Engineer: 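Encoded as structure tokens, here's the structure I'll be asking about.
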Amino acid sequence: MPHDPTADQRFFQATTRDFLADTVPIGTVRELGAAGTGFDRDWWRRGAELGWTAMLVPESLGGGTISGRPMTELALIAAELGRACAPGPFVTTNAVLAGLAPHADRLPEVVTAVATGERIATWAVYEPGRGFDVLATRGDGAATQARPEGTGYRLTGVKDRVEAGDQAEVFLVTAAGPAGPVQVLVPADAPGVTVEPAWTLDLVRRTARVSFDDVAVPADAVTHTGADAESAVRAQTLTAATLAAAETVGATGTALDATLAWLSDRYTFGRPLASYQALKHRMADNKTWLEACRATTTAAAAAWDDDDPATAAEAVSIAKSYVGAKAPVIAQDCVQLHGGIGVTWEHDLHLYLRRITLGRTLYGTPEEHRRHITDLLTAA
């Protein structure tokens, strides 16, 4: 989501936009929602072929970036997915790859399969009844425990709000070990794993509740332990929060564009609605807030690419908290400005309101990220 993308980045963005327009127009999104299908697997593989999952993967495994700034380019794609209200596990897949990429040489088959779309991997991090406290797994009070057994672990507990959990083949699970957090890869069909699809406000952004009943985890499925796990979880958090913010910005932009077109086309008392000063002021406020959302998200992606962990942690929380606070307000005002038609099922505006509302909460609410900013300032 750079302010001035390069020619290659603009081509990458345009290719994605055209692909989404051809394959998942808003009518198809409605059909997927009505059918209870999160996304089509062949469609996801085609998206992976376009490079949606390649940015964080080493070139030796078929990955790579356009300009050497992977998060900036991923944010471009996230915004397009939001703009189209498109399905797919884009955010959670790239969060998983952010954690696995440093160890890609140990897990080449898994990384390659996820990056090519052949396997769906998702991050199981949320604990039931808890918010997005990703390092809360340190204590014995965590719901999901990894108990050492031989060279591996036994996994017991529950994870909820697992994105695309009902369609995933493998879970990257963040659990509590005796010496700190542990991350392990668990196949969805492993003995002791139970997946229950869960309802979400978004028609195609599905989640699941995943239970682990004394699941055996061999040594080669352990990806991170201790300080290494904390580092990986932070990278995954920054990735997921940045891309969720970028997707929300894209969805909000579409809602605002549709509202501007409506105000220009709709007449009352012989004048277009867009000619009324009070409505102009409201749209000016919304546009200003949207540009600020876009700017903070761009800064977050740039800080990630600059490989400055302290700056990135603050910038990402600023973006996620600001976007999460302002985007729903903009979307709600768009609904109000549409009048009665804005609250009908037939109008597409509610699809974007649903995406924006869910995006506000996933991977940290504004309140959670503000507390994170406070913690960073206190530590400094």
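Please read these numbers as outputs of a predicted model, since none were measured by experiment. By convention here, the first residue in the shown sequence is residue 1.
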Engineer: Determine the interplanar angle of the F19 and W43 rings, folded into 0 to 90°, and report it as parallel if under 30°, tilted if 30 to 60°, perpendicular if over 60°.
Structural biologist: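 Rings of F19 and W43: parallel, as their planes differ by under 30°.
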
Engineer: State the CD1-CD distance between I66 and E73, to the nearest 0.5 angstrom.
Structural biologist: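 Between atom CD1 of I66 and atom CD of E73 there are 4.5 Å.
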
Engineer: Is there a donor-acceptor pair closer than 3.5 Å between any side-chain N or O of T344 and the backbone N or O of G340?
Structural biologist: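 A pair under 3.5 Å: no.
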
Engineer: Is the backbone of M71 close enough, under 3.5 Å, to the side chain of D305 for a donor and an acceptor to pair up by distance?
Structural biologist: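 Such a contact is found between D305 side chain and M71 backbone.
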
Engineer: Measure the shortest side-chain to side-chain distance between V193 and V195 over non-hydrogen atoms and say whether it is less than 4.5 angstrom.
Structural biologist: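 Yes. Closest side-chain heavy atoms under 4.5 Å.
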
Engineer: Using 30° and 60° as the class limits, which term best fits the ring planes of F132 and W123: parallel, tilted or perpendicular?
Structural biologist: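 F132 vs W123 ring planes: perpendicular.
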
Engineer: Under the 3.5 angstrom rule, does the side chain of Y352 hit a backbone N or O of G82 as a donor-acceptor pair?
Structural biologist: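 Such a contact is absent between Y352 side chain and G82 backbone.
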
Engineer: Does any part of the side chain of K159, heavy atoms only, come nearer than 4.5 Å to the side chain of F212, both counted from C-beta?
Structural biologist: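 The answer is yes; the side chains approach within 4.5 Å.
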
Engineer: Which atom names give the shortest non-hydrogen contact between P87 and G38, and what distance separates them?
Structural biologist: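 So the two residues come closest at CB-O, 3.0 Å.
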
Engineer: Among T248, V204, L203, which residue meets the side-chain contact (heavy atoms from CB on, under 4.5 Å) test with R355?
Structural biologist: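 For R355, the side-chain contact (heavy atoms from CB on, under 4.5 Å) check succeeds only for V204.
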
Engineer: How long is the straight-line distance from CG of L32 back to CZ of R30, given to the nearest 0.5 Å?
Structural biologist: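 Rounded to the nearest 0.5 Å, the CZ-CG separation comes to 12.5 Å.
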
Engineer: Are L353 and M283 linked, directly or through intermediate hydrophobic residues, by side-chain heavy-atom contacts shorter than 4.5 Å (ILVMFWY only)?
Structural biologist: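 Each belongs to a different hydrophobic cluster.
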
Engineer: Is I318 linked to L243 within one hydrophobic cluster, defined over Ile, Leu, Val, Met, Phe, Trp and Tyr using a side-chain heavy-atom separation of less than 4.5 Å?
Structural biologist: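 No; L243 is not reachable from I318 via cluster members.
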
Engineer: Between the side chain of T112 and the main-chain N/O of E109, is any donor-acceptor distance below 3.5 Å?
Structural biologist: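 Side chain of T112 to backbone of E109: no pair is present.
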
Engineer: Please determine whether residues L238 and F90 belong to a single hydrophobic cluster, defined as Ile, Leu, Val, Met, Phe, Trp and Tyr linked transitively by side-chain heavy-atom distances below 4.5 Å.
Structural biologist: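 Both belong to a single hydrophobic cluster.
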
Engineer: Take D285 and R282 through the test salt bridge (charged side-chain N to carboxylate O under 4.0 Å, His left out) and record every step on the way to the result.
Structural biologist: CA-CA 5 Å; D285 287 341; R282 285 170 66 173; over 6 Å; no

Engineer: Decide whether T365 and E367 meet the rule of one side-chain donor and one side-chain acceptor closer than 3.5 Å.
Structural biologist: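 On atom types as modelled, these side chains qualify, holding a pair under 3.5 Å.
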
Engineer: Please determine whether the number of non-hydrogen atoms from other residues, nucleotides or ligands lying under 6.0 Å from atom CZ of R266 exceeds 12.
Structural biologist: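 No, CZ of R266 has 12 or fewer neighbouring heavy atoms, counting only those of other groups under 6.0 Å.
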
Engineer: Determine the minimum heavy-atom distance between T223 and D228, stating which atoms define it.
Structural biologist: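 Closest heavy-atom pair between T223 and D228: O-OD2, 4.1 Å.
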
Engineer: Does one hydrophobic cluster hold both L56 and L185, with members joined at side-chain heavy-atom distances below 4.5 Å?
Structural biologist: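 Both belong to a single hydrophobic cluster.
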
Engineer: Is I26 linked to L20 within one hydrophobic cluster, defined over Ile, Leu, Val, Met, Phe, Trp and Tyr using a side-chain heavy-atom separation of less than 4.5 Å?
Structural biologist: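 In one cluster: no.
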
Engineer: Going by atom types only, do T200 and T207 share a side-chain donor-acceptor pair under 3.5 Å?
Structural biologist: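 No pair is found: no donor N or O on one side chain lies under 3.5 Å from an acceptor on the other.
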
Engineer: Taking all atoms of both residues into account, what is the closest heavy-atom pair of A208 and D166, and its distance?
Structural biologist: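 What the structure gives for the nearest pair is CB-N, 3.7 Å.
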
